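Here the structure comes first, spelled out in structure tokens, and everything after it is commentary.
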Amino acid sequence: MSDPKAEPSAIQASTAERTPLTLLRDTEQTLRLKTLSGVSALVPPALSPYLRRASAQADTSLAELAQVDLSQIDAQVLQPARLRVGLGFVGLGAMLLAMLLVYTTLFHPELDASERLHAYWHLYIAFVSLGIAGLLLWFRESAR
């Protein structure tokens, strides 16, 4: 019979060696396989190969992700990604504002500009806030 006091140290040792990305890979795989076995019984047989193929693709991509050494990633490497996220926020906010303008103009022509703003103020604030968040990301990156 094994010593119960020795088991926690073995568990701690095995988790100490695991990186966060390896832990993510293993946890996701465990959950995905359980879900896949439950769902595959419910879906039509023609969809089962697609589920298996998607699961295999997830295994491959998460295995590649687990190989990434997080200590090698610094602020300089992440700067282009941060700039793209900021650009996405600014672009999304601008596009949503334009869509809101088109919507209110086409479907509520009886309202003037101040009435439209009064009726849809919460959406204007949300969309402008997205743009401001993107600008703040840009300013943060330019200050580095």
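These numbers come from a predicted model, not from an experiment.
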(request) Group every Ile, Leu, Val, Met, Phe, Trp and Tyr by side-chain heavy-atom contacts under 4.5 Å, then state whether Leu65 and Ile73 land in the same group. (result) yes
(message) Are more than 12 heavy atoms, taken from residues, nucleotides or ligands other than His122, located less than 6.0 Å from that residue's NE2 atom?
(response) yes
(request) Nearest 0.5 Å please: distance from the CZ atom of Arg53 over to the CG atom of Leu47. (result) 11.0 Å
(request) Would you indicate whether the side-chain heavy atoms of Leu111 and His118 approach each other to under 4.5 Å? (result) no
(request) Find the distance between OH (Tyr124) and OG1 (Thr104) and round it off to the nearest 0.5 Å. (result) 4.5 Å
(request) Please name the pair of heavy atoms, one in Gly131 and one in Val90, separated by the smallest distance, quoted to 0.1 Å. (result) O-CG2, 3.5 Å
(request) Tell me, with the steps shown, if Leu62 and Glu28 meet side-chain contact (heavy atoms from CB on, under 4.5 Å). (result) CA-CA 9 Å; Leu62 286 170; Glu28 191 278 337; 2.8 Å; yes
(request) Say whether, by atom type as modelled, one donor and one acceptor occur between the side chain of Thr30 and the main chain of Asp26 under 3.5 angstrom. (result) yes
(request) Return yes when atom CZ of Phe89 has more than 12 non-hydrogen atoms of other residues, nucleotides or ligands closer than 6.0 Å, and no otherwise. (result) no
(message) Nearest 0.5 Å, please: how far is CG in Leu51 from OG1 in Thr35?
(response) 11.0 Å
(message) Keeping Ser55 on the side-chain end and Arg52 on the backbone end, is there a donor-acceptor pair under 3.5 Å?
(response) no
(message) Nearest 0.5 angstrom please: Leu135 CG to Leu87 CG, how far?
(response) 10.0 Å
(request) Drop me the distance from Ser61's OG to Arg25's CZ, to the nearest 0.5 angstrom. (result) 11.5 Å
(request) Under the ring pair (Phe, Tyr, Trp, His ring centres under 6.0 Å) rule, collect the residues that match up with Phe107, sequence neighbours excluded. (result) Tyr103
(request) Could you tell me the separation between the CZ atom of Arg116 and the CG atom of Leu101, rounded to the nearest 0.5 Å? (result) 7.0 Å
(message) Tell me whether Glu115 contacts the main-chain N or O of Asp112 through its side chain, where contact means a donor paired with an acceptor under 3.5 Å.
(response) yes
(message) Has Thr27 got a side-chain atom pairing as donor or acceptor with Leu24's backbone, closer than 3.5 angstrom?
(response) no
